[in-house]
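To start, the structure under review is shown below, and the notes come after it.
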Amino acid sequence: MSKKYNFEQVEAKWQPVWEAMDLYAAGHDPDKPDRYILDFFPYPSGSGLSVGHARNYVPTCVSARFMRMQGYNVLHPMGWDAFGLPAENYAITHNIHPRESTRLFCDTYRRQMKLLECSYDWAREINSTHPDYYRWTQWFFLLLHERGLAYQALGEQWWCPGCQTILANEQVENGRCWRCDHEVTKKALQQWYFKITEYADRLLADLDTIDWPEPIKLMQRNWIGRSEGAEVVFRAAGGDEIAVFTTRPDTLFGVTFLALAPEHPLVAKLTTAGRQTAVSDYIAQSRRKSDIDRQATNQAKTGVFTGSSAIHPLTGQPVPVWVADYVLMGYGSGAVMGVPGHDERDFAFARQHGLEAIEVITPDGRPQGVEACFSDYGVLINSGDYSGMDSQTAVSRITADLAAQGKGRQHVSYKLRDWLISRQRYWGAPIPIVHCQSCGAVPVPADQLPVELPDIDDFAPSGNGRSPLARAADWVNTPCPRCGQPAQRETDTMDGFACSSWYFLRFASPRYEDGPFDPAAVARWLPVDTYVGGAEHAVMHLLYARFWTKVMFDAGLISFTEPFTQLRNQGMLLSNVDGRKMSKSRGNVVTPDEVAAQYGTDALRGCVLFLGPFDAEVTWEETAVRGVARFLDRFWRLVGEVAQEAFHAKAQRRKESKEFERRRHELVQRLTHDMAQFRFNTAVAALMEHLNYLLAAWEAGEGSAAQWQEMLNVYTRLLAPIAPFISEEVWQAVLGQPGSVHQQSWPSFEAAKAAAAQVTVVVQVNGKVRDRIVVDVGEEEGRVKQTAVSSPKVQQAINGQAIHNIIIIPQKLVNIVAG
RNA sequence: GCCGAAGUGGCGGAACUGGCAGACGCGCACGACUCAAAAUCGUGUUCCUUCGGGAGUGUGGGUUCGAUUCCCACCUUCGGCACCA
């Protein structure tokens, strides 16, 4: 056996052996519990994987290996979320079909993941762009449609008359097209939506049932944005009812104006003849603002008076009705009651336009004046019969009284909007709908799925706001599935997030043909036990997947309501060059290929684990790989020496050691704990620390031959999930053990045997460490105190002062309070 | 602006429920091996010090026998949301 660890040789030796054994195939032993550990499936880009990706995939691989050794059947699959705009843009600029570029990118990703020896069950690989897959994405569209959860509505999008195309929000600068500087307009398009808002309350409530990082749950809660309040009705002169939503009905007597969103349907009706020009000018002006401008919170609060007023439901006084674009049409009812005294925005608006403010809430019921806005709860004044009430009481009283008079009701509003899924793009799953003159939007029957993407040559935008698919006339024109008359296919494709809203189910039975999944396989593996990915999907993928899961549950397809029982976010890996995320365009990418070529796969794996805590953002450091590589070399050398000596039977002279045994139990205990907790950095540190101990113990002649044999056997198994190659080589070639180390059981420990018989106890005087004493674990407290007090160093520190108290923490510390 | 996370040696980071701050690794210094270098091995490495000690986990307070850990205020960095009535 060679002195130096030769990773190239060892990797080349075991890789094909494992592949031939199908080592990572999901287990099917009926006597073992099942475990599903899943990575967010990636969008394969042309850049390939960086070491940053390794930080995502190596920890889950280690965890999967750990679970296998702990006696679980483990499902750990991988696939590709490959529909999307980048592939389409790449196709346009490189003149290559996205199907082809996607294939190439996936090949690269797969090769690199194999290089990292990620223990995926490759037989279950899926690809969201294959008709076999998106057939079922379309099937789910039909399911949602059938259940009234998919609907069409007119939506507004930015439109550049110069370029004849739809623009993304980010492509509109100061109301002009970023390319041709043409003034943009808005174009109303018929778009498909999924009714996620219908699930808002369940999406909110069920967060309490899942083991996810709190920050992610909080982001979802904020995104859903549930607010309890009241709808209050103001009656306009012509009889029209203006409903406003407020969370503060207690401030109702402070209303001095109403404000409608520019898009509010009543604006035109309420605008008087004399105000016509001013109002339409204002609406045109605010339509031109980009969402970004319109949402800037520090800008002036603009608006115009409609000329109309409405009657206050409680005071009967007229209140002027304004149009203001700080009011959003998409939230509440698109109209607000203006309470300048108690709402910051209304305060700013009133000040700008010379509107009055009435003080109706003060901290203690004594008037303070309305020079500033007071938006906290308090005590009501100037509020008729409600004066003197505290805010909380007034909120429910006023709401109830309004309801009794038919002028309002309790109401809950959400920030969450329905999910717009139409994309005017080629590279996506076609929406399975046929538009028929007489039958309307007709779903394609399930047995006619998939609606396959037609082959076209030109993926560039059409210029008429329609998908490039619209140009594939042969494909577009099709008989109506209902009446057989000539009809046209829907030409929009689905948002890529539709594909990722159910893929975790597909892995349970990836080749199943009679449905999106085999119910038995899903019942066995799902929900996902551990789901791992970046925090950037907190309110997109993770919300959509939860939504679809609940829909499937309601449809009786599955028996669980949450798809991911446990979620963990891995931290980002930043470049050491510029401290930013690695990306090809910044030229700061370090590839796993180059690192593995220089230091080996095991060292690379160990390094990304050791660099920092699993969930913390860390900076790449090549020196860290060297540290891990050295550790592996030292392990190799020690094992070599021990094996050689055993061969020469010299080991018989070594002496048995209790401490040696104890530390073995302690190590197994630490590793077991760290692995289960995703604390891989300290797991690696514990192995390093223990190796340092072993090297010293070997030199000192500590540990009998049998103890060393057992120690190396255990240590190699503990190392196996982290460094699969070196541990396999040691296990089989050096230790001569039968079978793969990766099919062995995880070592066990006894907590009692991991505990030391004697411990060092710190002796403090007034909280400062003055001495350390060694005592037996079971030592009686009085004697420990006595030993502590009698220490010369302690006596010196006490310096003759009276002892007031002695605090003793068993096996840890004695603190003598003197003075 | 609002919400959230985090601030520990020269660096990345340890410290389970309040109990030895700095594990482990990097880097650096010195030594061994070598003609020499690399690699490897060994020793040391928070700062200050009059060598007795003293200070120290972003800053300032507080609770406690005892605080990196708990509480209050503030500063900095990062992430999310951004007129949500």
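Each chain gets a letter, A, B and so on, in the order the sequences are listed, and its residues count up from 1. Because the structure is predicted, anything quoted here is derived from the model rather than measured. Any value given below was found using the heavy atoms of this structure, including those in side chains, with hydrogens, waters and symmetry copies removed.
- With a cut-off of 3.5 Å on both Watson-Crick or G-U wobble distances, the partner of C81(B) is given as G1(B).
- Where Val817(A) and Asn222(A) each meet RNA chain B at their nearest nucleotide, the meeting point lying more 5' is that of Asn222(A).
- Taken residue by residue, residues 621-631 of chain A places heavy atoms nearer than 4.0 Å to RNA chain B at Glu621(A), Thr623(A), Arg626(A), Gly627(A), Arg630(A).
- In this structure, NE2 on His665(A) lies 5.5 Å from CD on Glu750(A), to the nearest 0.5 angstrom.
- Separating the C1' atom of C35(B) from that of C26(B) is a span of 31 Å, rounded to the nearest Å.
- With A23(B), C65(B), A85(B) as the choices, the nucleotide that has an atom nearest any side-chain atom of Asp343(A) turns out to be A85(B).
- Taking atom C1' in both U8(B) and U68(B), the straight-line distance is 7 Å, to the nearest Å.
- Remark: A21(B) base-pairs with no nucleotide in the shown strands. Criterion, Watson-Crick or G-U wobble with two distances under 3.5 Å.
- Taking the P atom of each, A82(B) and C3(B) are spaced 16 Å apart, rounded to whole Å.
- Salt bridge Asp208(A)/Arg221(A): present, at least one basic N to carboxylate O contact under 4.0 Å.
- Here Glu214(A) lies out of heavy-atom contact (under 4.0 Å) with every strand.
- Taking the ring centroids of Phe349(A) and Trp322(A), they lie under the 6.0 Å cut-off.
- With both pairing distances under 3.5 Å, C26(B) is matched to G10(B) as a Watson-Crick or G-U wobble pair.
- Applying the 90° cutoff around 0 to the glycosidic angle, G52(B) is assigned syn.
- Here A23(B) presents its P atom at 20 Å from OH of Tyr693(A), a figure rounded to the nearest Å.
- If you take atom C1' in G19(B) and the same atom in U69(B), they sit 11 Å apart, rounded to whole Å.
- Side-chain proximity of Pro215(A) to the nucleotides A5(B), C24(B), A85(B) is greatest for A5(B).
- As judged by a 4.0 angstrom heavy-atom cut-off over every strand, Ile807(A) is placed among the base-contacting residues.
- Counting any heavy atom pair closer than 4.0 Å across all strands shown, Arg221(A) reaches no nucleic acid atom.
- Between the CG atom of Leu691(A) and the C1' atom of C41(B) there is a distance of 14 Å, rounded to whole Å.
- For the P atoms, the distance from A37(B) to C47(B) is 28 Å, rounded to whole Å.
- Note on Arg568(A) versus Asp211(A): salt bridge recorded, some NZ/NE/NH1/NH2 to OD/OE distance being below 4.0 Å.
- For A14(B), the OP1/OP2 oxygens have a side-chain nitrogen or oxygen of Asn681(A) closer than 4.0 Å.
- Rounded to whole Å, atom C1' of C65(B) lies 12 Å from atom NZ of Lys785(A).
- In this entry A55(B) has U46(B) as its Watson-Crick or G-U wobble partner, both defining distances falling under 3.5 Å.
- By the 30° and 60° cut-offs, the orientation of the rings of Phe40(A) relative to His541(A) is perpendicular.
- Comparing A23(B) with C41(B), their C1' atoms are spaced 22 Å from each other, to the whole Å.
- For the pair Leu574(A) CG and A6(B) P, the computed distance is 17 Å after rounding to whole Å.
- Comparing G18(B) with C70(B), their C1' atoms are spaced 8 Å from each other, to the whole Å.
- In this structure, G62(B) shows a glycosidic angle more than 90 degrees from zero, which is the anti conformation.
- A donor-acceptor contact under 3.5 Å is not formed by the side chain of Lys812(A) with the base of C20(B).
- Here Arg634(A) does not reach the OP1 or OP2 of G42(B): none of its side-chain N or O atoms lies under 4.0 Å away.
- Partner assigned to A39(B) is none, using Watson-Crick or G-U wobble distances below 3.5 angstrom.
- For the atom pair Ile726(A) CD1 and Asp602(A) CG, the distance stands at 6.5 Å (nearest 0.5 Å).
- Between Arg637(A) and C41(B) there is a side-chain N or O to OP1 or OP2 distance below 4.0 Å.
- In this structure, Asn692(A) places its CG atom 14 Å from C1' of U43(B), rounding to the nearest Å.
- When both pairing distances are held under 3.5 Å, U64(B) makes no Watson-Crick or G-U pair with any nucleotide shown.
- Summarising the base pairing, C33(B) is matched to no nucleotide, lacking a Watson-Crick or G-U wobble pair whose two defining distances lie under 3.5 Å.
- Between Pro213(A) and Leu567(A), the shortest heavy-atom distance links the atoms CD-O, 3.2 Å.
- The shortest distance between the side-chain N/O atoms of Thr682(A) and the OP1/OP2 oxygens of C24(B) is not below 4.0 Å.
- Atoms CD (Gln677(A)) and P (A15(B)) sit 11 Å apart, rounded to a whole Å.
- Rounded to an integer number of Å, the gap from Ile809(A) CD1 to G19(B) P is 9 Å.
- Atom-to-atom, CG of Leu813(A) to C1' of A21(B) comes out at 14 Å; the value is rounded to the nearest Å.
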Taking distance alone, no hydrogens or angles, what donor-acceptor pairs closer than 3.5 Å link side-chain atoms of residues 671-694 of chain A to residues at least two apart or in another chain?
residue	atom	partner	partner atom	Å
Thr672(A)	OG1	Val668(A)	O	2.6
Thr672(A)	OG1	Trp746(A)	NE1	2.9
Asp674(A)	OD2	Thr682(A)	OG1	3.0
Asp674(A)	OD2	Ala683(A)	N	3.3
Thr682(A)	OG1	Arg679(A)	O	3.1
Glu689(A)	OE1	Arg670(A)	NH1	3.4
Glu689(A)	OE1	Arg670(A)	NH2	3.4
Tyr693(A)	OH	Glu702(A)	OE2	3.1

What side-chain donor-acceptor pairs closer than 3.5 Å can you find for residues 336-343 of chain A, not counting sequence neighbours?
residue	atom	partner	partner atom	Å
His342(A)	ND1	Phe374(A)	O	2.7
His342(A)	NE2	Val360(A)	N	3.0
His342(A)	NE2	Ile361(A)	N	3.2
Asp343(A)	OD1	Arg345(A)	N	2.9
Asp343(A)	OD1	Arg345(A)	NE	3.2
Asp343(A)	OD1	Asp346(A)	N	3.0
Asp343(A)	OD2	Arg345(A)	NH2	2.6

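- When heavy atoms are screened at a 4.0 angstrom cut-off, Leu218(A) is found touching the sugar-phosphate backbone but no base atom.
- For Phe610(A) and Phe631(A), the ring centers are positioned 6.0 Å apart or more.
- For the pair Phe610(A) and Leu695(A), nearest-nucleotide mapping onto RNA chain B gives the more 5' position to Phe610(A).
- Comparing U17(B) with U49(B), their C1' atoms are spaced 38 Å from each other, to the whole Å.
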